[in-house]
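Computed from heavy atoms alone, side chains included, the values below leave out hydrogens, waters and symmetry copies.
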Amino acid sequence: ERHRVSCEEAARLLLDAYEYRGLVKHTGGCHCGAVRFEVWASPDLHVFNCNCSICTKKQNRHFIVPASRFKLLQGADNLTTYTFNTHCAQHTFCKTCGVQSFYTPRSNPDGYGIAPHCLDDGTVQTVVTEDINGKEWEKAVKEHKTIRDMSKP
């Protein structure tokens, strides 16, 4: 038998499921505040420190989440995108202040890479940083045991 639930009840069920899995709601955004988002992730973050050309230039440290656990709250019209090389990674950033608080990584085009330094204070407990050799991207991703699955719910 099918059960009908309201949008509010469905949201509460999803919230309960996330909390049950040990996830917390982090909020964050760009420097000027035009772009704001929320993301459900562990309070203990696994952050990648990539040495590819763009990550090195902009110090892009990030953790990866499935798209279903990310919500842009405001600023879609204030985002612009930069791509290069394979054009798989979508480097989104605020048109006003230039800060990239999240992006779509090449390793997980169905998810988001979130900049932990763009999260609001109070929800992160620990941060573990893992270096990844983005200069040899194909080899690094092939050899990494879990990176491609990080955007899977």
Side-chain angles (χ1 to χ4, degrees), residues 10-11 14-15 17-19 21-153:
L14 186 59
L15 175 65
Y18 284 157
E19 288 175 341
R21 291 176 26 196
L23 305 178
V24 298
K25 181 168 65 172
H26 303 281
T27 57
C30 66
H31 184 258
C32 72
V35 176
R36 296 290 299 161
F37 65 88
E38 67 182 32
V39 60
W40 285 90
S42 172
D44 303 303
L45 302 179
H46 182 128
V47 173
F48 289 100
N49 181 32
C50 180
N51 68 351
C52 78
S53 62
I54 194 163
C55 288
T56 297
K57 292 278 186 185
K58 62 183 179 161
Q59 296 294 290
N60 179 30
R61 292 176 187 90
H62 61 279
F63 62 97
I64 299 170
V65 297
S68 61
R69 295 193 339 221
F70 176 86
K71 182 178 180 184
L72 182 62
L73 301 174
Q74 70 182 45
D77 58 335
N78 215 53
L79 290 172
T80 192
T81 303
Y82 172 71
T83 66
F84 68 101
N85 194 15
T86 65
H87 303 283
C88 289
Q90 303 290 306
H91 297 275
T92 51
F93 58 96
C94 175
K95 289 187 225 179
T96 304
C97 66
V99 169
Q100 175 184 287
S101 50
F102 64 89
Y103 81 113
T104 304
R106 181 177 171 192
S107 64
N108 287 262
D110 56 344
Y112 289 95
I114 311 297
H117 49 274
C118 289
L119 297 178
D120 299 335
D121 291 338
T123 54
V124 175
Q125 290 181 358
T126 63
V127 176
V128 172
T129 303
E130 177 184 357
D131 290 337
I132 190 153
N133 186 6
K135 289 180 180 177
E136 297 179 277
W137 190 89
E138 289 81 4
K139 179 182 176 192
V141 170
K142 182 179 178 183
E143 291 175 355
H144 198 280
K145 303 293 184 222
T146 60
I147 195 167
R148 287 220 184 244
D149 294 328
M150 293 185 148
S151 59
K152 306 297 182 247

Quiz item: Between CD1 of I54 and CD of Q59, what distance do you get to the nearest 0.5 Å?
Solution: 12.5 Å
Quiz prompt | From CG (L79) to CD (Q74), nearest 0.5 Å | solution = 10.5 Å
Exercise. Could you tell me whether K142 and E136 make a salt bridge, using a distance below 4.0 angstrom between a side-chain N and a carboxylate O?
Key: no
Practice problem: Nearest 0.5 Å please: distance from the OG atom of S42 over to the CZ atom of R21. | Solution: 11.5 Å
Practice problem: Using atom types as modelled and distance alone, determine if a side-chain donor or acceptor of N51 lies under 3.5 Å from a backbone N or O of K135. | Solution: yes
Quiz item: Does NZ or CZ of K58 come closer than 6.0 Å to the centre of the six-membered ring of Y82, within 45° of the ring's axis?
Solution: no
Quiz prompt | Check: V124 and F63 side chains under 4.5 Å, non-hydrogen atoms | solution = no
Practice problem: Answer yes or no: are there more than 12 heavy-atom neighbours, outside H117 itself, under 6.0 Å from its atom NE2? | Solution: yes
Practice problem: Could you tell me whether the side chain of L72 reaches within less than 4.5 Å of the side chain of V35, counting heavy atoms only? | Solution: yes
Quiz item: Stepwise, does the side-chain hydrogen bond (donor to acceptor under 3.5 Å, both in side chains) test hold for N49 with T129?
Solution: CA-CA 7 Å; N49 181 32; T129 303; over 6 Å; no
Self-check item: Student check: side-chain heavy atoms of L119 and L45 closer than 4.5 Å
Solution: yes
Quiz prompt | Note, T92 side chain near F102 side chain (heavy atom, < 4.5 Å) | solution = yes
Self-check item: Check: N108 side chain, I147 main-chain N or O, donor-acceptor pair, under 3.5 Å
Solution: yes
Practice problem: Would you give the length of the straight line joining atom CG of D131 to atom SG of C50, rounded to the nearest 0.5 angstrom? | Solution: 9.5 Å
Quiz prompt | Spatial distance of atom SG (C94) from atom CG (N78) [nearest 0.5 Å] | solution = 4.5 Å
Exercise. Provide the full list of ring-ring contact (aromatic ring centres under 6.0 Å, His included) pairs with a residue in residues 134-153, sequence neighbours left out, each pair given once.
Key: F48-H144
Self-check item: Enclosure of K71 NZ (heavy-atom neighbours >12, cutoff 6.0 Å)
Solution: no
Practice problem: May I ask you to decide if F37's main-chain N or O and H26's side chain share a donor-acceptor pair within less than 3.5 Å? | Solution: no
Quiz item: Salt bridge or not for D110 and K152, using N-O below 4.0 Å?
Solution: yes
Self-check item: Donor-acceptor under 3.5 Å (Q90 side chain, P109 main chain)
Solution: no
Quiz item: Taking the side chain as C-beta and beyond, is there a heavy-atom pair between Y112 and V39 under 4.5 Å?
Solution: no
Practice problem: Could you go through the side chain to side chain contact (heavy atoms under 4.5 Å, CB included) check for K25 and T123 one step at a time? | Solution: CA-CA 8 Å; K25 181 168 65 172; T123 54; over 6 Å; no
Quiz prompt | Point-to-point distance, once rounded to the nearest 0.5 Å, from CZ of R106 to OG1 of T83 | solution = 12.0 Å
